[in-house]
Amino acid sequence: MTTQIDQVPSLEERLEQPEPRDMRADVVFAALSDPLRISIVQRLMSEGDDAFRSCTWVGIDRPKSTLTHHFRVLREAGIIEQRRYGTERRSRVRMDDLAARFPGLLEMVLAAPLG
């Protein structure tokens, strides 16, 4: 017998993203070929912590649908991890996974001029 508590979804849900071994350089580089996406990654990395941030936290003035698209591309490439908290999605850069899979990549992203 299931109770109502068993039927309540988790308050935090990890969205689908590739495992580190499945992250491909061509897909990662394609995702980072857009200056807006590099800016998103730089801003997420700027705090230096591992906290999940909302899309509005990055402070980029674009329509929500545009930001959703860019965050999805970054997530599907494996650059960011996203979790759903109710109706809100929060993101963080997968720094450990990226540093292990593509040494030096994060340093290049941080050094890229802001668009």
Side-chain angles (χ1 to χ4, degrees):
M1 179 173 148
T2 60
T3 65
Q4 279 190 333
I5 293 175
D6 294 333
Q7 297 169 1
V8 175
S10 169
L11 295 177
E12 178 184 321
E13 175 190 351
R14 184 174 185 250
L15 299 177
E16 188 175 328
Q17 58 204 3
E19 292 298 321
R21 68 180 178 278
D22 298 326
M23 294 164 62
R24 295 180 24 203
D26 60 325
V27 176
V28 169
F29 291 139
L32 291 173
S33 68
D34 185 281
L36 183 62
R37 290 194 285 266
I38 288 179
S39 181
I40 290 169
V41 173
Q42 288 175 331
R43 290 174 193 220
L44 287 171
M45 291 173 58
S46 70
E47 293 293 311
D49 61 16
D50 218 19
F52 284 84
R53 307 290 183 187
S54 69
C55 294
T56 57
W57 178 89
V58 297
I60 296 175
D61 186 25
R62 296 288 194 282
K64 185 177 180 179
S65 60
T66 299
L67 288 177
T68 298
H69 165 74
H70 288 296
F71 275 86
R72 180 181 52 81
V73 169
L74 291 169
R75 178 177 45 84
E76 288 178 352
I79 298 167
I80 65 170
E81 176 181 359
Q82 283 191 311
R83 294 183 184 222
R84 186 183 344 245
Y85 295 82
T87 59
E88 180 181 58
R89 289 182 181 190
R90 297 181 192 168
S91 307
R92 71 172 181 93
V93 177
R94 296 173 62 183
M95 297 211 281
D96 292 339
D97 292 339
L98 288 167
R101 184 83 168 131
F102 306 108
L105 176 68
L106 294 175
E107 290 79 7
M108 289 189 323
V109 169
L110 281 175
L114 283 173

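With Arg75 contributing its side chain and Glu16 its backbone, the two residues share a donor-acceptor pair below 3.5 Å. Without hydrogens or angle criteria, Thr68 side chain to Lys64 main chain gives a donor-acceptor distance under 3.5 Å.
No option in Arg24, Arg21, Met23 other than Met23 meets the side-chain contact (heavy atoms from CB on, under 4.5 Å) test with Arg101.
Comment: Glu81 does not engage Arg94 in a salt bridge, judged by the lack of any side-chain N to carboxylate O separation of less than 4.0 angstrom.
Two different hydrophobic clusters hold Val27 and Phe29 under the rule that ILVMFWY side chains link at heavy-atom gaps under 4.5 Å.
Put simply, OG on Ser91 and CD on Gln17 are 9.5 Å apart, with the number rounded to the nearest 0.5 Å. Taking OG of Ser39 as the start and CZ of Arg62 as the end, the distance is 8.5 Å to the nearest 0.5 Å. Rounding to the nearest 0.5 Å gives a distance of 5.5 Å between CG of Leu74 and CD1 of Ile40. With values rounded to the nearest 0.5 angstrom, Ile79 atom CD1 is found 8.0 Å from Arg37 atom CZ. Distance CZ/Phe71 to CZ/Arg89: 11.0 Å, rounded to 0.5 Å. The CG atom of Leu98 sits 10.5 Å away from atom CD1 of Ile80, with the distance rounded to the nearest 0.5 Å.
Two residues are said to be in side-chain contact when any heavy atoms from C-beta on lie closer than 4.5 Å; Val73 and Asp34 fail this criterion. A heavy-atom distance below 4.5 Å is not found between the side chains of Leu44 and Arg92.
Among all heavy-atom pairs drawn from Ala77 and Ala31, the shortest one is CB-CB, 3.7 Å.
Annotation for Asp22: atom CG counts as buried by contact number, over 12 foreign heavy atoms lying within 6.0 Å.
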Worked check of side chain to side chain contact (heavy atoms under 4.5 Å, CB included) between Arg43 and Ile60: CA-CA 10 Å; Arg43 290 174 193 220; Ile60 296 175; 3.9 Å; yes
